[in-house]
2 protein chains.
Amino acid sequence: MNPDSDIRHALWQLAFQFKVSTKRAIRDYGLPLNGMHVRTLHLIRSQPDCTANQLATITGRDKAQITRLLKELEAMALITRTPHPGDRRSQIVALSDTGRELMARTVEAEKAVEKRLLKGMSKEEVSTFVSLAHKMLENLREA
Amino acid sequence: MNPDSDIRHALWQLAFQFKVSTKRAIRDYGLPLNGMHVRTLHLIRSQPDCTANQLATITGRDKAQITRLLKELEAMALITRTPHPGDRRSQIVALSDTGRELMARTVEAEKAVEKRLLKGMSKEEVSTFVSLAHKMLENLREA
DNA sequence: ACTATTTAGTAGACAATATCAACCATAAAG
DNA sequence: CTTTATGGTTGATATTGTCTACTAAATAGT
């Protein structure tokens with residue numbers, strides 16, 4: 001296989017398998033969340049004063065998708081939305097208590113997947129991988 | 001950001017941006033294909049006596065998805081299906097002449113994306129990345 | 001102060017991708 | 001010669017991504 005198609009294949013497959021494994025782990029833990037729910041909740045948790053717009057920017061997804069996601073998460077009572085103090089168009093999104101509890105369990109499920117993913121790899125290898133990934137990400141974003 | 005969420009984020013984002021960039025490049029070349037079409041055509045081209053089942057195994061996708069994909073590609077006259085000599089349940093899938101032509105242009109579009117993706121990276125870095133990716137892929141598949 | 005342009009978020013329609021279960025025909029195993 | 005496994009198909013449905021149009025509020029330019 002030539003190196004070109006190699007990186008393409010590696011990337012697609014790794015991302016796909018990682019998604020599948022994570023999804024399965026989440027489900028096996030009995031958590032009623034799909035992939036994007038989890039991803040969004042993570043970001044909300046780590047972003048101090050998180051707005052819908054930030055989520056769209058960080059993930060690169062369409063605003064509309066974020067709106068829907070947040071609506072679902074709110075319907076499940078996992079997040080709260082409070083008016084933004086300085087901008088009446090905007091809202092601040094945060095985890096609810098229920099959301100925090102759910103995330104605690106989700107993190108466990110994800111840790112299990114990561115442990116498998118990184119089995120037999122040194123810390124250096126992992127950080128090399130991550131920094132190369134960031135570099136490529138930058139390359140794509142520039143253009 | 002802790003290293004755990006880092007690799008997760010890097011992986012999701014890189015795969016997503018790569019997919020978006022590729023999709024856009026294909027479209028800008030005026031090619032009437034979506035991501036999975038392209039991916040499937042690539043595999044068909046590189047697999048000598050390709051069957052639907054092989055495609056499902058290699059990509060890790062559901063058989064049903066492959067069936068539908070092949071149906072669409074056949075409707076676009078990009079592939080041909082001929083009965084498998086040794087197994088009457090099975091068919092051998094191959095590119096048609098139209099398909100081959102289309103792929104030639106597709107490859108150009110993809111090369112442009114890859115050039116951007118890998119800008120400023122040495123051959124060693126790329127092959128390091130690919131081999132680490134393969135390692136992780138193996139890890140996920142084992143379990 | 002007043003129009004014009006951006007920006008934050010929402011809603012609808014739809015395309016693309018993924019999953020699951022049931023099914024048919026053939027093949028392989030016992 | 002029955003049972004089971006395999007290759008492929010179909011239908012239903014869930015998830016994810018994209019595009020357009022829209023409201024309301026903020027900001028810029030004059």
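So you know, we letter chains A, B, ... as the sequences are listed, proteins then strands, and number each from 1.
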Seminar exercise, completed: Which of V130(B), L11(B), L132(B) passes side chain to side chain contact (heavy atoms under 4.5 Å, CB included) with L14(A)? Answer is L11(B)
Problem set entry | Nearest-angstrom distance from the residue atom CD1 of I66(B) to P of dG8(D) | 10 Å
Exercise. Taking side chain as C-beta onward, heavy atoms only, is T40(B) less than 4.5 Å from I79(B)?
Worked result: no
Problem set entry | Sidechain-backbone polar pair: H37(A) side chain, N34(A) backbone, donor-acceptor under 3.5 Å | yes
For this session: With sequence neighbours excluded, tell me which residues meet side-chain hydrogen bond (donor to acceptor under 3.5 Å, both in side chains) with R45(A).
Result: none
Seminar exercise, completed: Rounded to whole Å, CD of E72(A) lies from P of dA14(D) at a distance of 12 Å
Exercise. Is the distance from OP1 or OP2 of dG17(D) to the nearest side-chain N or O of Q65(A) less than 4.0 Å?
Worked result: yes
Exercise. Is there a residue in residues 51-64 of chain A whose heavy atoms reach under 4.0 Å of DNA chain C, and which residues are they?
Worked result: T51(A), A52(A), N53(A), K63(A), A64(A)
For this session: Provide the full list of salt bridge (Lys or Arg N to Asp or Glu O under 4.0 Å) pairs with a residue in residues 51-72 of chain A, sequence neighbours left out, each pair given once.
Result: none
For this session: Apply side chain to side chain contact (heavy atoms under 4.5 Å, CB included) to the pair I26(B) and T22(B), showing each step before the final yes or no.
Result: CA-CA 6 Å; I26(B) 300 279; T22(B) 302; 4.2 Å; yes
Exercise. Hey, is the main chain of L78(B) close enough, under 3.5 Å, to the side chain of S96(B) for a donor-acceptor pair?
Worked result: yes
Exercise. Under the salt bridge (Lys or Arg N to Asp or Glu O under 4.0 Å) rule, what pairs show up with a residue in residues 78-103 of chain A, not counting sequence neighbours?
Worked result: E74(A)-R81(A), D87(A)-R89(A), D97(A)-R100(A)
For this session: Output the residues of residues 18-38 of chain A in contact with DNA chain C, where contact means a heavy atom of the residue under 4.0 Å from an atom of the strand; sort by number or write none.
Result: V20(A), K23(A), R27(A)
Exercise. Could you state the CZ-C1' distance from F16(B) to dT15(D), rounded to the nearest angstrom?
Worked result: 14 Å
For this session: Would you mind reading off the distance between Q13(A) atom CD and dA18(C) atom C1', rounded to a whole angstrom?
Result: 14 Å
Problem set entry | Exam field: side chain Q13(B) to backbone T59(A), donor-acceptor pair closer than 3.5 Å | yes
Problem set entry | Rounded interatomic separation in angstrom, taking CG from L73(B) and P from dT9(D) | 12 Å
Exercise. Taking NZ, NE, NH1 and NH2 as the nitrogens, is one of them in E142(A) or K119(B) under 4.0 Å from a carboxylate oxygen of the other?
Worked result: yes
Problem set entry | Separation of dT10(C) P from L69(A) CG (nearest whole Å) | 12 Å
Problem set entry | R68(B) CZ - dA14(D) C1' separation (whole Å) | 13 Å
For this session: Strictly below 4.0 Å, heavy-atom distances to any atom of DNA chain C: list the hits from residues 81-95 of chain B, or just say none.
Result: D87(B), R88(B), R89(B)
Problem set entry | Ion pair check, E125(A) and K135(B), cut-off under 4.0 Å | yes
